[in-house]
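Here the structure is laid out as structure tokens; the discussion comes afterwards.
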2 protein chains.
Amino acid sequence: MSSAQQTQKALLRVARDHFAARGYQGTSLAQISAELGITKQGLLHHFGSKERLYRAVLGQLNQDLLQLLFAAMDEAEDPEDQLERFFVALADFSQAEQSASALVIGALIDGPGQAIIAQDAPPPLQDFLEPLVALVQATARWQKAGFPAALSIAMKLLGATCLFPAVRSSLALRFGPAPLGQAEQQAGAHLRDLVRRMVLE
Amino acid sequence: MSSAQQTQKALLRVARDHFAARGYQGTSLAQISAELGITKQGLLHHFGSKERLYRAVLGQLNQDLLQLLFAAMDEAEDPEDQLERFFVALADFSQAEQSASALVIGALIDGPGQAIIAQDAPPPLQDFLEPLVALVQATARWQKAGFPAALSIAMKLLGATCLFPAVRSSLALRFGPAPLGQAEQQAGAHLRDLVRRMVLE
DNA sequence: TATGCAACTTACCACTTGGTAAGTTATCTC
DNA sequence: GAGATAACTTACCAAGTGGTAAGTTGCATA
């Protein structure tokens, strides 16, 4: 990997954490570049604008999610098992990369529609959402219910998976770090149970 | 009701919609006051600061959620039925008041921890979260699992309920308004099913 | 050694942000 | 009618925003 790609990856990593922790509007290029030890304009040199930087972060996230999804689809035969594996993998991923779930929620909430992302650009995470909904629709339980039903179910599963990791630090302040640690340990099993119950007849 | 209270309610309503649609950081006092037809300083006169205005909005939301929760608890005997009724009521409420679910997610994500809300102040929605978790813990399935498990389950149910309404407009742009309308119609039934499957043994 | 180019930096810029100070107007009570 | 108080307004302000322009540095290749 060239050193240019290395630096870009480092920039993206720091930018991703800032966007995840404070949202798009709450993140300033000055903050990111200060943490990187470069000037704001050095950051702009690589990505051109704040919006393009955000899109690059979401593009990376999109790839990560797609990789999790396809890996889960390779590991199992039935769509039901594939979904279960994917969401558990997503929960694990969100636990390891604290930023992921907050980014997912943020990208969905202020993805298109608001002025953050240009309307002609492809909506962020769309490449990931479409096969996910298709996978829900491939299950025996939901294949006759139509696309809107599959979309509704997919969003419920995604919400159940992503909210907890995204608000983890907030909950730790509310209920104490010890209960939160225990809750986090059990979250994976609970999620597996939830997905199975929603996907099996 | 005095006219002062009436105007304050109108201010809160408009502010709530802005905070819900664009988040705390993305909302400016100038935008809110422009929509209200008053000056930014007229708005500050009532609430003192942006943070206090936000806290007032979240306080109102907290009351609304508590009312839904207690109403559900009055309507049924078993904690399982109470939970089912509450989450369906919350979904209906989120459909009527488009801002509610986005506010819930926002309040949880950037509630305490970040610099938005002063750390000594009580965390927003805490009065609502505690009885909700307690209600989960009162069910036969989860009462032996301990508080952390109940917290994990409560957040999953909340995420499953709130994500879809919060990202509704974004999804409408992605998949078209017609499928979204159908998905919205079925979301209540899906949610009822999900809560029941997670709460019953 | 010369050329070119990516990777920056310094210096700005126009604009918006939340917030303060002081003054004005209307309303309500005594 | 007098006085107080709530409900504003106009006029600012310092700080921070994303972004542009122009220059500098260092390295790779011809």
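Naming: A, B, ... by sequence-line order, numbering from 1 per chain.
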Please tell me which of B:Gly42 and A:Thr27 maps to the more 5' nucleotide of DNA chain D, matching each residue to the nucleotide holding its nearest heavy atom.
->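 Taking each residue's closest nucleotide, the earlier one in sequence belongs to B:Gly42.
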
Toward the 5' end of DNA chain D, which comes first, A:Ala30 or A:Gly48, by nearest nucleotide?
->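 First, find each residue's nearest nucleotide; the 5'-ward one identifies A:Ala30.
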
Whole angstrom value for the distance that separates [atom2] of [N] from [atom1] of [X]:
| X | N | atom1 | atom2 | answer |
| --- | --- | --- | --- | --- |
| B:Leu53 | C:dT17 | CG | P | 15 Å |
| A:Tyr54 | D:dG18 | OH | P | 14 Å |
| A:Leu29 | D:dT20 | CG | P | 11 Å |
| B:Arg52 | C:dT20 | CZ | P | 9 Å |
| B:Gln8 | D:dA6 | CD | P | 12 Å |
| B:Lys50 | C:dG19 | NZ | C1' | 12 Å |
| A:His18 | D:dG18 | NE2 | P | 12 Å |
| A:Leu43 | C:dA6 | CG | C1' | 16 Å |

Does CD belonging to B:Gln67 count more than 12 external heavy atoms closer than 6.0 Å?
->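 For B:Gln67, atom CD is not crowded (no more than 12 foreign heavy atoms under 6.0 Å).
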
Return the minimal non-hydrogen interatomic distance between A:Leu11 and A:Leu36, and the atom names on each side.
->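 For A:Leu11 and A:Leu36, the tightest heavy-atom pair comes out as CD2-CD1, 3.3 Å.
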
Residue pair B:Gly188 / B:Val88: nearest heavy atoms and the distance that separates them |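 Looking at all heavy atoms of both residues, the shortest contact is O-CG2, 4.5 Å.
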
Hey, could you give me the OG1/CG distance between A:Thr27 and A:Asp17, rounded to the nearest 0.5 Å?
->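 Nearest 0.5 Å value for the OG1-CG distance: 10.0 Å.
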
Answer yes or no for A:Lys50 and A:Tyr24: cation-pi contact, defined as NZ/CZ to six-membered ring centre under 6.0 Å and angle to ring axis within 45°.
->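 Satisfied, under 6.0 Å and within 45°.
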
Sub-4.0 Å heavy-atom contacts from residues 33-41 of chain B onto DNA chain C, ordered by number |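 Under 4.0 Å from DNA chain C: B:Lys40, B:Gln41.
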
Ionic contact status for A:Arg168 with A:Glu184, cut-off 4.0 Å |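 A:Arg168 and A:Glu184: salt-bridged.
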
Can you name the residues that form a side-chain contact (heavy atoms from CB on, under 4.5 Å) with A:Arg197, not counting sequence neighbours?
->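 A:Arg197 satisfies side-chain contact (heavy atoms from CB on, under 4.5 Å) with A:Asp193, B:Arg141, B:Arg197, B:Met198 once adjacent residues are dropped.
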
When you look at A:Gln126 and A:Glu130, which way does the side chain to side chain donor-acceptor pair (under 3.5 Å) test go after all the steps?
-> CA-CA 6 Å; A:Gln126 188 75 4; A:Glu130 284 172 359; 3.0 Å; yes

B:Phe47/B:Tyr54 under ring pair (Phe, Tyr, Trp, His ring centres under 6.0 Å): CA gap, chis, key distance, verdict = CA-CA 9 Å; B:Phe47 296 96; B:Tyr54 186 51; over 10 Å; no

Given the rule that a pair is Watson-Crick or G-U wobble with both distances under 3.5 Å, how would you write DNA chain C in dot-bracket, using | for pairs to a different strand?
-> ||||||||||||||||||||||||||||||

Do the side-chain N or O atoms of A:His46 get closer than 4.0 angstrom to the phosphate oxygens (OP1, OP2) of C:dC8?
->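 It does, given that an N or O in the side chain of A:His46 lies less than 4.0 Å from OP1 or OP2 of C:dC8.
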
Would one find a side-chain N or O of A:His45 under 4.0 angstrom from OP1 or OP2 of C:dC8?
->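 No.
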
Touch check for A:Leu44, heavy atoms < 4.0 angstrom, all strands: base, sugar-phosphate only, or nothing?
->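 Contact class for A:Leu44: base.
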
Quick one: which of D:dG19, C:dT17, C:dG19 gets closest to the side chain of B:Ser28?
->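 Out of D:dG19, C:dT17, C:dG19, the nucleotide with an atom closest to B:Ser28's side chain is C:dT17.
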
